[in-house]
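Report on one structure; see the data block that follows.
Please read all numbers here as calculations on a predicted model, not as lab measurements.
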Amino acid sequence: MNPFWISFFHIFFLCAAVCVDTFAAAFGFGIDQIRIPAPSALVLSLVCSSALALSILAAGWLAPYLPDHLTSCLSCALLCGLGLFKLFDSVVKRLVRRLPQPGKELSFSFLRMRFLLRVWADPAEADTDRSSVLSAAESIALALALSSDGLAAGLGGGFSGLSPWSVFFCSAGMNLICILAGCFAGRKAAKRANFDLSWLGGGILLGMGLLALL
């Protein structure tokens, strides 16, 4: 296959695997009737995409100093490891949801790991003022929680030689589409549903990790 198309599909599936969580989060917001205004959606998309692109850039800086066979092994290990983790993501999230909730004075702080963990496990927690509107500041907290997977996936993709700019623009576009589609689908849902697509993103990353050895 033409190297251009190989790179294109690699970028597309990497972004799709990471953006699955964005769609699921937006779906939950739609069900809870929490609105995501355009500025907040843009901030969410840009922060998530920047984290993914920066991790790819970091891997690209490191790659020339490492043997070729080692970069392939690292790419496989990172993508497969993250993929396996995401296959059991829902179990970990259920455990995090059972953690005691912090007091109101600690409910919104970028320096509080427990808050970010709760947002990762239940994105609706990002709406700290319960206004049913996700502000730009709250969307940053949500983006930081959702970006954890993107950092590891970006390193794995970076060792495969992906372009950080191509990944950034592809991820930004897909994130915006996922936010719009997820909110719309969530609003159309009749009742709260157990909607977890982590296994799908995990399967994609696992497959990409194995392909990195070829």
Nearest atoms (heavy-atom pairs only) where [X] meets [Y]:
X	Y	value
Gly60	Pro64	O-CD, 3.0 Å
Leu52	Ala153	CD1-C, 4.4 Å
Cys178	Cys19	SG-O, 3.7 Å
Gly150	Ser55	O-OG, 3.5 Å

With a 4.5 Å cut-off on side-chain heavy atoms, are Ser132 and Gln33 touching? no
Would you say Pro37 and Val133 make side-chain contact, with heavy atoms under 4.5 Å?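 Side chain of Pro37 against side chain of Val133, heavy atoms only: contact under 4.5 Å found.
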Can you tell me how far apart [atom1] ([X]) and [atom2] ([Y]) are? Round to the nearest 0.5 Å.
X	Y	atom1	atom2	value
Leu134	Leu44	CG	CG	7.5 Å
Ile56	Leu14	CD1	CG	5.5 Å
Cys73	Leu66	SG	CG	11.0 Å
Ser45	Phe168	OG	CZ	7.5 Å
Leu180	Phe23	CG	CZ	11.0 Å
Leu57	Trp165	CG	CH2	9.0 Å

List for me each residue that meets side-chain hydrogen bond (donor to acceptor under 3.5 Å, both in side chains) alongside [X], sequence neighbours excluded, and say none if there are none.
X	value
Ser50	none
Ser166	Ser163
Thr22	Asn175

Give a yes-or-no answer on whether the side chains of Ser171 and Ser49 include a donor-acceptor pair shorter than 3.5 Å.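 Yes, side-chain donor-acceptor contact under 3.5 Å.
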Do you reckon Leu46 sits in the same ILVMFWY cluster as Phe169, going by side-chain contacts under 4.5 Å, direct or chained?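 Yes; tracing contacts between hydrophobic side chains, which count when under 4.5 Å, links both residues.
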Is there a path of hydrophobic side-chain contacts, each under 4.5 Å between heavy atoms of I, L, V, M, F, W or Y residues, that connects Leu62 with Leu155?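 Yes, same cluster.
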Partners passing side-chain contact (heavy atoms from CB on, under 4.5 Å) against [X] (at least two apart in sequence or in another chain):
X	answer
Phe184	Arg187, Lys188
Ala41	Ile36, Leu176, Ile179
Ile34	Phe29, Asp32, Ala124, Asp127

Keeping Ser135 on the side-chain end and Glu138 on the backbone end, is there a donor-acceptor pair under 3.5 Å? yes
